[in-house]
Amino acid sequence: MQDIRIELTQNPKPKPTDESKLGFGNIFTDHMFIMNYDEGQGWHDPRIVPFSDISLSPAAMCLHYGQEVFEGMKAYRTAEGKILLFRPDRNMARLNMSNNRLCIPLIDESFAQSAIEKLVSVEKDWIPSAEGTSLYLRPFIIAVDPHVGVHPAKHLLFMVICCPVGAYYPEGLNPVKIYVESNYVRAVHGGMGYVKTGGNYAASLKAQDEAEKQSYTQVLWLDGIERKYIEEVGTMNVFFVIDDEIVTPALQGSILPGITRMSAIEILKSWGMKVSERRISIQEVAEAAKSGHLKEAFGTGTAAVISPIGHLKWEDHIMLINDGNIGEISQRLYDTLTGIQWGKLPDTMDWTVEVK
Ligand code: COI
């Protein structure tokens, strides 16, 4: 394994004093991880350095052709002061899946995880302790060759930055309002919908902007061909509780394989619940809502954790789910998942990794 050089800042920033006002993604810590890739040399020169702007050529390929991938992870501070990561190996494996799709040289997953652990350890005093807060970690890779022309890059940067955060949605655990998007699409089979790359989020902005103008928090995407089958919500995977079946769209190449999604499925199954990963149409959800069989709906994501959906609008159908309240399953899932992440519940699945 390569050694990671550490250069500590001489000018530490003041840390947020009111952890109830952290918001999401606004504050950055004192240090960042950075490593270069150059053809012929591979990934090299891993270092933790003071957080700062970076210098790029205006011709850097990531700026023009979107050759970029990223991850979202969190470090949690437990009541006993331990620091935990949640399934970091899964993030590293997904990063390499994204790398593969975008012709980015693969990283050494266990080295990348150890680099993230080292960065979290350097930034440990930045990890907030108030209920519901954590240190959000954003690993990302960008193509930096100064070149106008569409080819896989030969020079890249792998970086990790950290932000102390509260809830992603201002609603917190209160149910969100979601708008079913029938006009724009996010991804199609064969495209990039199953990997974490900025282009997928750029593709979502127009619909998101229109939804927000109508006071909706996010959009629910339908499949790109028939505009019929449910895919995912802007920043989350989605689940519906229809009678005693918990349904989530199957991963068929256009949906992000969320790590919170995977963990939610494993927890629900461990409770003996019936979970189906299958195609589910918006028509089926609307009919279940109308006939009283739709009991709950919720989203899952690293940033959002578990986010109950209280209101769904699809064309002229308005579905009020569980009277706009958080459902029993959503609440139990939230309590269990966050209980494991914040070390309040035993980690019987061996999902957490302690950072020393
Ligand atoms: C995450 O859940 O970690 C994400 O990457 C979503 C992001 C848009 C905040």
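None of the values given here were measured: they were computed from a predicted structure. Counting starts at 1 for both ligands and their atoms, in listed order.
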Using the six-membered ring of W342, assess whether NZ or CZ of R77 lies under 6.0 Å from its centre and within 45 degrees of the ring axis. no
Quick note on ligand 1: atoms under 4.0 Å from a heavy atom of G72 include exactly 3 (O)
Contact between ligand 1 and R138 is defined here as a heavy atom of the residue under 4.0 Å from a ligand atom; is it met? yes
Output yes when the distance from some N or O of ligand 1 to some N or O of T235 is under 3.5 Å, and no in every other case. no
Is any side-chain heavy atom of K269 closer than 4.5 Å to one of I246? no
shortest atom 9 (C) of ligand 1-to-protein heavy-atom contact is with Y168 CE1, 3.6 Å
Polar atom proximity, K196 to ligand 1 (N or O, under 3.5 Å): yes
In terms of atom number and element, which parts of ligand 1 are under 4.0 angstrom from non-hydrogen atoms of Y136? 1 (C), 3 (O), 4 (C), 5 (O)
Does E284 pair with R278 as a salt bridge, N-O distance under 4.0 Å? yes
When rounded to the nearest 0.5 Å, the distance separating CE of M192 from OG1 of T197 is 4.5 Å
Per the ring pair (Phe, Tyr, Trp, His ring centres under 6.0 Å) rule, which among F158, Y201, F140, Y136 passes with F70? Y201
Please round to the nearest 0.5 Å and tell me the distance separating atom CZ of R47 and atom CD1 of I6. 13.0 Å
Here the atoms of ligand 1 under 4.0 Å from any heavy atom belonging to F70 are 5 (O)
For ligand 1, is there an N or O atom under 3.5 Å from any N or O atom of A303? yes
So which bit of K74 gets within less than 4.0 Å of ligand 1, heavy atoms only: side chain, backbone, both or neither? neither
Does T133 use its side chain to pair, donor to acceptor, with the backbone of A130 at less than 3.5 Å? yes
